[in-house]
Amino acid sequence: MTRKLEGKVALITGSGRGIGRSIALKLAAEGARIVVNDLDAEPAQETVESVRQAGGTAVACVGNVTAPDFAERFINTAVSEYQGIDIIINNAGYTWDGVIQKMTDEQWYAIIDCHLTAPFRILRAAQPVIRALSKADGEAGRRIVRKVVNISSVAGMFGNAGQGNYSSAKAGIVGLTQTLAKEWGRLNVTVNCIAYGFIKTRLTSTAAGESTAKIDGRDIKVGMNPDLLMMLERSIPLGRGGTTDEAAGAVYLMCIPESDYVSGQTLLCSGGLTGI
Ligand SMILES: NC(=O)c1ccc[n+]([C@@H]2O[C@H](COP(=O)([O-])OP(=O)(O)OC[C@H]3O[C@@H](n4cnc5c(N)ncnc54)[C@H](O)[C@@H]3O)[C@@H](O)[C@H]2O)c1
């Protein structure tokens with residue numbers, strides 16, 4: 001059977017764990033060659049190994065997406081390893097919550113930088129490469145549609161108490177998506193967003209309720225309050241949080257040829273949840 005993404009080159013930020021890891025495995029299983037990124041080298045390498053063990057092709061580009069030189073390095077990795085770019089998934093992220101009166105400038109900018117400025121820089125660095133590829137396609141009479149999928153959240157669509165920084169960044173990425181859909185249509189690039197509801201990962205686990213992750217030299221609390229989580233699950237029409245494979249499925253839909261005429265859209269992947 002022909003695979004839907006045979007030979008495509010896909011770059012995925014934050015793909016050492018959680019949703020990003022599942023996206024990497026899914027796209028690789030459909031034939032894409034993957035540039036795996038994560039802040040942490042070990043999980044990034046683990047994803048690369050898992051892709052390879054399943055018969056796929058992957059390489060790691062470890063680093064913080066907020067580093068000023070990251071975008072160029074990420075794009076250059078794809079070009080030097082695979083001579084092209086077909087799919088970019090801006091997924092890396094974490095939360096650092098606080099009500100507005102307690103939120104520091106540092107907390108605000110850290111989350112805006114990760115969820116909005118980093119995708120902006122990656123897409124800006126990709127533009128000259130994509131423009132050249134698109135021009136070459138046109139001259140050769142080929143019509144190749146490239147794909148950008150940005151990851152948003154129900155917090156960005158509807159707001160969420162205690163997440164002023166995160167919900168602003170996740171709303172901002174919707175605006176960037178809509179704008180780039182207009183700028184890049186002529187390059188045959190579709191640009192869409194997936195907004196997740198509650199997907200079971202380190203970010204939302206109860207087991208990790210009291211644990212922290214080292215991000216940018218800071219100890220950031222990860223996991224959610226179990227009572228809040230139970231309440232949230234009850235409000236989801238499908239009655240449960242999603243798996244990372246289900247989350248990856250929504251991204252996959254935006255990467256396959258069947259979505260070639262869908263652009264500038266935000267698809268909720270939330271088990272039917274339409275507000276929080
Ligand atoms: N899990 C959910 O319910 C949910 C809901 C809405 C949106 N999201 C979004 O989905 C995306 C993935 O989240 P997840 O739930 O899989 O979390 P996760 O913690 O399981 O995985 C995120 C990965 O991103 C990496 N990462 C974090 N900051 C980074 C940085 N600055 N540079 C490079 N890598 C970085 C982490 O090391 C981690 O491996 C995020 O953008 C998140 O905001 C998740």
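For ligands, and for the atoms within them, numbers begin at 1 and follow the listed sequence.
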If we only count heavy atoms from C-beta on, is the T117 to I112 side-chain gap below 4.5 Å? yes
At under 4.0 Å between heavy atoms, which part of D40 makes contact with ligand 1: side chain, backbone, both or neither? side chain
Which heavy atom of the protein is the closest neighbour of atom 22 (C) of ligand 1, given with residue, atom name and distance? G93 O, 3.8 Å
Can you tell me the protein heavy atom closest to atom 15 (O) of ligand 1 and the distance? T201 OG1, 2.6 Å
Would you mind running through ligand 1 and noting each atom that sits below 4.0 Å from a heavy atom of G197? 3 (O), 5 (C), 6 (C)
Please state which protein non-hydrogen atom is closest to atom 12 (C) of ligand 1 and give its distance, to 0.1 Å? N91 OD1, 3.2 Å
Non-hydrogen side-chain atoms of I220 and T212 separated by less than 4.5 Å: no
Option with minimal heavy-atom separation from atom 31 (N) of ligand 1, where the choices are N37, I23, N64: N64
Heavy atom of C114, distance to ligand 1 below 4.0 Å: yes
Are any of the N or O atoms of T66 closer than 3.5 Å to those of ligand 1? no
Sub-4.0 Å atoms of ligand 1 with respect to non-hydrogen atoms of G18: 16 (O), 20 (O)
Do L267 and N192 have side-chain heavy atoms sitting under 4.5 Å apart? no
Pair Q127-L187, side chain to side chain contact (heavy atoms under 4.5 Å, CB included): steps then yes or no: CA-CA 10 Å; Q127 200 277 351; L187 302 179; 4.0 Å; yes
If you measure from each non-hydrogen atom of R21 to ligand 1, which part falls under 4.0 Å: side chain, backbone, both or neither? neither
Give me the residue, atom name and distance of the protein heavy atom closest to atom 37 (O) of ligand 1. D38 OD1, 2.7 Å
Using a 4.0 Å cut-off to any heavy atom of Y166, which atoms of ligand 1 qualify? 6 (C), 7 (C), 8 (N), 9 (C), 42 (C), 43 (O)
Sub-4.0 Å heavy-atom approach of F70 to ligand 1: no
May I ask whether H115 places a heavy atom under 4.0 Å from ligand 1? yes
Identify the closest protein heavy atom to atom 34 (N) of ligand 1: which residue and atom is it, and at what distance? L39 N, 3.2 Å
At less than 4.0 angstrom from any non-hydrogen atom of T204, what atoms of ligand 1 do you find? 1 (N), 2 (C), 3 (O)
Check for me, please, whether Y166 and L273 land in the same ILVMFWY cluster - side-chain distances under 4.5 Å, paths through other members count. no
Are W184 and L123 close enough that some pair of their side-chain heavy atoms sits under 4.5 Å apart? yes
Judged by non-hydrogen atoms, does G63 sit under 4.0 Å from ligand 1? yes
Side chains of F198 and L229 in contact at under 4.5 Å (non-hydrogen atoms): yes
For a 4.5 angstrom cut-off between non-hydrogen side-chain atoms, does P128 reach R131? yes
Do W96 and D216 have side-chain heavy atoms sitting under 4.5 Å apart? no
Using distance alone, decide if ligand 1 has a nitrogen or oxygen within less than 3.5 Å of any nitrogen or oxygen in V65. yes
Is there a side-chain contact between D245 and S22 in this structure, where contact means two heavy atoms from C-beta onward sitting under 4.5 Å apart? yes
If the cut-off is 4.0 Å to any non-hydrogen atom of Y94, which atoms of ligand 1 fall inside it? 28 (N)
Contact partition for S152 relative to ligand 1, non-hydrogen atoms under 4.0 Å: backbone
Passes side chain to side chain contact (heavy atoms under 4.5 Å, CB included), D260 versus K147? Steps please. CA-CA 8 Å; D260 279 358; K147 312 273 188 165; 2.8 Å; yes
Between R218 and E106, is there a side-chain N and carboxylate O pair less than 4.0 Å apart? yes
Identify, by atom number and element, the atoms of ligand 1 in contact range of F198, meaning under 4.0 Å from any of its heavy atoms. 3 (O)
If we set the cut-off at 4.0 Å for heavy atoms, which region of T95 has an atom near ligand 1: side chain, backbone, both, or neither? neither
Please work out whether any backbone atom (N, CA, C, O) or any side-chain heavy atom from C-beta onward of K170 is under 4.0 Å from ligand 1, and answer side chain, backbone, both or neither. side chain
So is T13 touching ligand 1 or not, going by heavy atoms under 4.0 Å? no
Is there a salt bridge (Lys or Arg N to Asp or Glu O under 4.0 Å) between E258 and K4? Walk through the geometry before answering. CA-CA 10 Å; E258 283 80 349; K4 295 251 179 191; 2.3 Å; yes
Shortest protein heavy-atom distance from atom 13 (O) of ligand 1, along with the residue and atom involved: L203 CD2, 4.0 Å
same_hphob_cluster(I75, V65) at 4.5 Å side-chain heavy-atom cutoff: yes
Side chain, backbone, both or neither: the part of I19 lying under 4.0 Å from ligand 1 by heavy atom: both
So which heavy atom in the protein is nearest atom 10 (O) of ligand 1, and how far is it from that ligand atom? I151 CG2, 3.5 Å
Identify the closest protein heavy atom to atom 23 (C) of ligand 1: which residue and atom is it, and at what distance? G14 O, 3.5 Å
I199 and ligand 1 - part of the residue with a heavy-atom distance under 4.0 Å: both
For side chain to side chain contact (heavy atoms under 4.5 Å, CB included), just list the numbers for I88 and I122, CA-CA rounded to whole Å, side-chain angles, deciding distance to a tenth of an Å, and then say yes or no. CA-CA 9 Å; I88 300 176; I122 289 166; 4.0 Å; yes
